[in-house]
Structure formats: structure tokens, C-alpha cells
2 protein chains.
Amino acid sequence: MPPTRHQTIKDVAERAQVSTATVSRVINRTGKVHAKTAARVTRALEELGYVPNAWARAMATDGSDLMGLIVPDILNPFFAAIYSGLNETAKHRGLAVWMVDSGDNPEKERQALHMLGRYRAQGIIITPAHPAANLAAIERIGTPVCLVDRRLAKNLWDLVLIDNVNGARQAAQLFVAAGHQRIAIIAGPQDSTPGVERLQGFVDALAAEGLDMPPEYIKFGDFRQESGFSLARELLALDAPPTAIFSCNNLMTMGLLQAIHSYPGAALGETVAVIGFDDIPISTLTDPPLTVVSRPMKEMGVQAAKLITARMEAPEKPQETVVLGPQLVIRGSEKIAGLLRWI
Amino acid sequence: MPPTRHQTIKDVAERAQVSTATVSRVINRTGKVHAKTAARVTRALEELGYVPNAWARAMATDGSDLMGLIVPDILNPFFAAIYSGLNETAKHRGLAVWMVDSGDNPEKERQALHMLGRYRAQGIIITPAHPAANLAAIERIGTPVCLVDRRLAKNLWDLVLIDNVNGARQAAQLFVAAGHQRIAIIAGPQDSTPGVERLQGFVDALAAEGLDMPPEYIKFGDFRQESGFSLARELLALDAPPTAIFSCNNLMTMGLLQAIHSYPGAALGETVAVIGFDDIPISTLTDPPLTVVSRPMKEMGVQAAKLITARMEAPEKPQETVVLGPQLVIRGSEKIAGLLRWI
DNA sequence: GTGAAAGCGCTAACAC
DNA sequence: GTGTTAGCGCTTTCAC
């Protein structure tokens, strides 16, 4: 491991017997350089194993190729998929994406924002931890911002959203079609866009079908597995437990399944039906396989990349919102065995 | 969105009626500054919403707080967990971690290496895609390197490994104890450390118990779900299918479960037993729940952080290897119902 | 076509 | 205690 100092443009210039300006021209293909000189420079570049210094370049040009992505949970496959789509698209445009985890925590989010600020990221894509917590900080960013999956209290930024109301409605209608009457929901936090919209879409759709949801059938979780687990147990313990449960995100669905699995007398597809929001790897492994509202996660990242690069080119253009449609994937878990006989 | 130019140390200096040097001193708490002056500077700092420029600072000090992590698959919870541990520990030491995905692909890995080089990362933690593909590039890095989970063809770098042989041995012994005779393995790629060691540990342990593994019971996958699925189907289709299958990583275990689930006549815990390497979220949801060789994933990240920061302080100290122990988590899937009667 | 030189934002001697 | 100044590595006028 020879810890050789990084070669600079100056080293290259000396070796190729030219000025640093010429080396720069060759590297960036900017301005005319004689073919022969260029060849000499290229050779020196290779011989020295020159690696450009991104900082120095960014300082001189007042702009880097760095893009920030702030997500609430790097371990959640949903956000990993967004990163995937974003990164691929950004790479094509010569941009590098740095993903940072906010832990869905305003204070950590503030730190993340600050860090990307220090590194002078040219744009920030963020799924905010809270609709208002870091509002001021985000307004002060001074570089393009694009929100993904969740809105903020102010509507100043480009948005990539899912039609949550529509997705929840489809789930509700499917439950009704399967003959369920006692339908429950494990909702998300009501200070987040997805939390509110999914609950609303679900409740409204059931109401339209003439079904009122009693309060004890509406549970509020925090989008984490543990809350899905404990809330599901509360539902199963009711005197008149629901025959159908809609879980509002992937992690809570995992908890819900775990609860059903471990609850005496409860059985998926027998005593209780389930629809989850967001597909999960185990969907096809449960018995019956899991019916879910699925959404184009990677595509959300792709759209975010497009919005933010467009805004980098035209900072003053009007705010834009992209709404992607969810898709119901029916696999069987939306019904239970005995139900049709009872109706 | 007022796209105000970033404030510089110079702006602050003017506002506080001091020199840039003094501002720098206040920011970095280096050198003496009169309390009153400091107060004036601090005030200006806040009023202007000053955010330091990491690049400029790094250029001036010839060193940043940037750390690179290159993983084969950001979507794999195993690597996400490593990031988690690494990031937390690094943050305590004032370092920021940039995780980059190599897609387990030497070419993309090369690009990742290059990118972190351009950004002058102060250290690189990497799970190499291939034992030799980018060897030269890694040797040329010139900044501390720490390998996680996989070795390289040369033993020049600090290492964080799992005792794979030991983990596989425990799995084999448990199968034997459960009365299995026809035991198969879905192994990983044989050009990777974990692939080789887990196979070896398993085969050797069985041999020690007097059990030879016929070649048709040894399948080679690529650590991805799809290969777990198709190889499992091959095993189940044998004239004398195994009663026990050991899967060598989390993704292949998912495929294996899927295959068992969908294969006519096959049933987990009835016709076939399973042990997986690495825990997965669904372990407790299968029936019977899944027995796995589990390992301290986050801790691997923590150890990597420690090794690399230690090396940053003492670049010439002897190479160090940390081997962490895996742990067998017995949940029931290692046995099948009828087996004990037959012995 | 090519080079000299200024400057990006910051730190670190070195003076005072 | 505080200011002046010389870089860090690079790009970019502006001359020639």
C-alpha cells in the first residue's frame, strides 16, 4: 500500500511539458488543443494514474455533481428502491447520489440537511420526517428540492407522490366485494401525507358502500413493524374482531402477519383477511399469498431525478407534481374461507 | 425559494468587522479569540445562516471527513445493516459515510472506487464484488481500506469477517441431530470467501459425522433469490430428494422457501427441513418458524469503523483481522415431522 | 494553440 | 488577540 500523494494537474503538466491550463483543457475537452500535445498530456495522465479532485473542481466551477437523497429509513426496501431509480437516472446525467438516513427523526434530518449543505449538494431529494419540523431549513436550502412520497406544510417544491386515496379505495372495494362487513384498518401517523390519505381513502370508500367504520376498528400506528404487531393483536382481541384488516405500509404488514400467525385461533385466510399497502418479499410465501396495493417504487426515484434535473436547468419554472398510480395485486389473502356462506 | 448565494467566511468577516482568520478561529475553536469578538462573530454567523463549505475546508486542510462504503447490493438488508453500524460509529468520530452500490459487478465497482477517489474519501470500506477484479485499483487507493465479509486475493487490508466455517458446521450438526440422512446444500459462488467457507464447513462437518454428500445434493447459486428458487426445485425434483436443505445466504433462502411453497407435495417441516444462513424478516412467520445461522450484521459495521479509524491514525500498523462469531437460532424448521419415527 | 495569472472558500503560518 | 498572506487543485479569462 504505497501511500503516494494524489497526483495533481500540476504534476501532469510538468510531466507533459505543458501548462496546467492545457491539461485542464484536455481533461475536460474544452477549448482547442493540438492533437500531439493532447496525446502527450493523455499519456502523462495515464502514467501518473491521475484522479481529478472533485473538491477543487467544484470550487473552481462553483458546482459539483453531487446530489443528496434523505430518507427516513435506509433499511426499508421502499426507500432503497427509490434510491435505485434515482441513482440510475442521475448517473446518466453525470450526477452522483449520496443517500443519507434521517431515521424519520427531525433532529437527525436537520443534521443530514446540514451535512449535504456543507458538501454543497446541487439538489436535494427528500422524504421529510415531519410536515413542518424542518420547514425553515428546507426553505433556506437555496438549491433545487424535490419531495418524494410525503408533502410538507408549504407547497413550494416539486413533488413525486402516489395516489394513496385511490390505492386505499381499491383495497376497500375489494374487501367489500369479498363479502366482508367487519373491516378494520391499521393506519399510519396522521401528520404524514400517506398516513392521512390512505386512511381517508379507505374510510370514504367504505362509507360509499354503506359501511361505517366503528372507532375500535381504526388503529393508528407509526409505520413500523412493532406497531403493526401490537395494533393487530388489539384488533384480534376485540369481542367482535374484524374479518378483514388493511395495513397501511409494508413494515406494519409484517407485524400484522406476525400477530395473526401467533394469535391463538387466528389464521390468515381462515378467520381474517389481509390487504397490505406496498408489496413485500414474502407476499408470495404466505398462505394464501398476500394481496397488496403495489406501487412503482423505482419509478418514483426516476421521476424525482427528472424533476430535479429539470429544475436545476430552470430554477424559476412553476412547481410541478407527479402523481403515480398504485396497482392492486390480487393474490388471495383478501378473502376468508367461510365468509361467502354467511352472507 | 430565494436562491441566495451561499454565505462565505468573508461575508461573515465583513459583517463582524474582523478578519477571515478570526472567523475561522471561532468556527473551529482553534486559537485564542477575545470573548467579545467571538460573540460578534457568532452573531454574524447566525444572522447570515452561514454553512461552512466542506470542499474548501478539505482543500485547505488536505483532508475531509468523508468515508466511502461500497456494497454489492444496497437492497440487501445485510449490507444496509452494515451501513447502519458503520455510520453510527463513524458519526461519533465526526466522519460522514457515503454508501455506494457496486451491483456486485466489477465494472460498477471500479466506477464506485473512482468516484470516491475523485471525492478524496479518507477511507474506504468495501465488500468486494470479486476477489481479483479490481485488485490493482484497490492497491492504488492510497488511503486506508477495510474489507468486510469477503477477502481479496491479496491479504493486505484490515478485515472484518464472520466465522463461516463454524456457522455452517453448526447447521450441519443440527441437521444430523434431527435425524436427517439426506442433506443438501445450496451453496454460494465459489470465487467468494463466504461461498467457499460455508460449503466447506458444511461438507466437512457432515463428513465428520460419517455422512458423504453426493454431488447431486450440492448446488451452486449466486446468492440471489432466483438461484435459490430454481436450485431448490432441482433438489425437490430428484428421485431421492433431500429431507434437509441448507441455504447459504438470506436471498437464496427466500427463493428456497418460495420453491418449497409452490412445489407439489413439498411442505416445510413435513417433507423437507431448512436452515438458512442469515436471519430474514420472515423467519418467525413461516410454519414452522425458520432456523437460521445468524450473525451480528450491525456489529460488523461497527468493527469496520473502528479498524479504519485506527488505521487512519496509524497507517503503517500491521494488518488486522476481526472475526465475529455466528449464532445458531433454533426455531423448528431444522426438523421434519415424520423423521424420528424412521430412524 | 498555449501559457500566465486570478480566484473559488478556507486554513495556517507568520507577523504585529 | 488579531490581521496579512500564502497556498490547497482546479478552471477560466485574457494575452500572446
Side-chain angles (χ1 to χ4, degrees), chain A residues 4-42 44-45 48-66 94 114 117-122 142-143, chain B residues 4-42 44-45 48-66 94 114 117-122 142-143:
Chain A
T4 31
R5 177 181 61 87
H6 271 120
Q7 302 298 322
T8 74
I9 209 179
K10 206 168 149 197
D11 300 323
V12 177
E14 271 169 26
R15 175 149 209 159
Q17 308 267 45
V18 295
S19 74
T20 60
T22 300
V23 176
S24 175
R25 286 185 190 109
V26 171
I27 292 174
N28 303 300
R29 309 185 197 305
T30 155
K32 300 255 149 271
V33 178
H34 193 90
K36 223 165 165 183
T37 331
R40 246 185 17 254
V41 171
T42 309
L45 243 20
L48 260 40
Y50 172 79
V51 178
N53 183 327
W55 302 328
R57 183 171 206 288
M59 273 202 51
T61 58
D62 191 33
S64 69
D65 55 356
L66 179 63
H114 193 255
R118 287 195 305 114
Y119 277 92
R120 297 292 189 266
Q122 299 297 292
T143 192
Chain B
T4 30
R5 177 180 62 87
H6 270 120
Q7 304 297 323
T8 74
I9 208 178
K10 207 169 147 195
D11 300 323
V12 178
E14 272 167 26
R15 176 149 213 165
Q17 310 268 44
V18 295
S19 75
T20 61
T22 300
V23 177
S24 176
R25 283 184 192 109
V26 172
I27 293 173
N28 303 300
R29 311 186 193 304
T30 155
K32 300 255 148 272
V33 178
H34 193 91
K36 223 165 165 182
T37 331
R40 237 173 40 242
V41 172
T42 309
L45 243 19
L48 260 41
Y50 172 79
V51 178
N53 184 326
W55 301 327
R57 182 169 206 289
M59 276 204 49
T61 57
D62 191 33
S64 68
D65 55 356
L66 179 62
H114 193 256
R118 286 196 304 115
Y119 276 91
R120 298 292 190 267
Q122 299 298 292
T143 191

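Naming convention: chains lettered A, B, ... in sequence-line order (proteins, then strands); numbering from 1 in each chain. All values below come from the heavy atoms of this structure, side chains included, with hydrogens, waters and symmetry mates left out. Remember, it's a predicted structure, so these values are computed and weren't measured experimentally.
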For nucleotides 7-16 of chain C, 5' to 3', base contacts (B), sugar-phosphate-only contacts (S) and non-contacts (-) with protein non-hydrogen atoms under 4.0 Å give BBBBSBB---
Mind listing the closest non-hydrogen atom pair of [X] and [Y] along with its distance?
X     : Y     : answer
A:V12 : A:Y50 : CG2-CD1, 3.9 Å
A:L48 : A:R15 : CD1-NH1, 3.0 Å
A:A38 : A:V33 : N-CG1, 3.8 Å
B:W55 : A:W55 : CD1-CD1, 3.0 Å

Report yes or no: does [X] contribute a side-chain atom to a donor-acceptor pair with the main-chain N or O of [Y] at less than 3.5 Å?
X      : Y      : value
A:N28  : A:S24  : yes
A:R118 : B:N53  : no
A:R40  : A:A16  : yes
B:T143 : B:Q122 : yes

Distance under 4.0 Å to a non-hydrogen atom of chain B counts as contact; along DNA chain D, which nucleotides mark the start and end? D:dG1 to D:dG9
Hey, what do you get for CD (B:Q17) to OG1 (B:T22), rounding to the nearest 0.5 Å?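 Between atom CD of B:Q17 and atom OG1 of B:T22 there are 12.5 Å.
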Report for the helix from C:dG1-D:dC16 to C:dC16-D:dG1: angle between first-end and last-end helix axes, five pairs each, rounded to 10 degrees. 40°
Which is it for A:R57 and A:D65 under the salt bridge (charged side-chain N to carboxylate O under 4.0 Å, His left out) test, yes or no, and what are the steps along the way? CA-CA 10 Å; A:R57 183 171 206 288; A:D65 55 356; over 6 Å; no
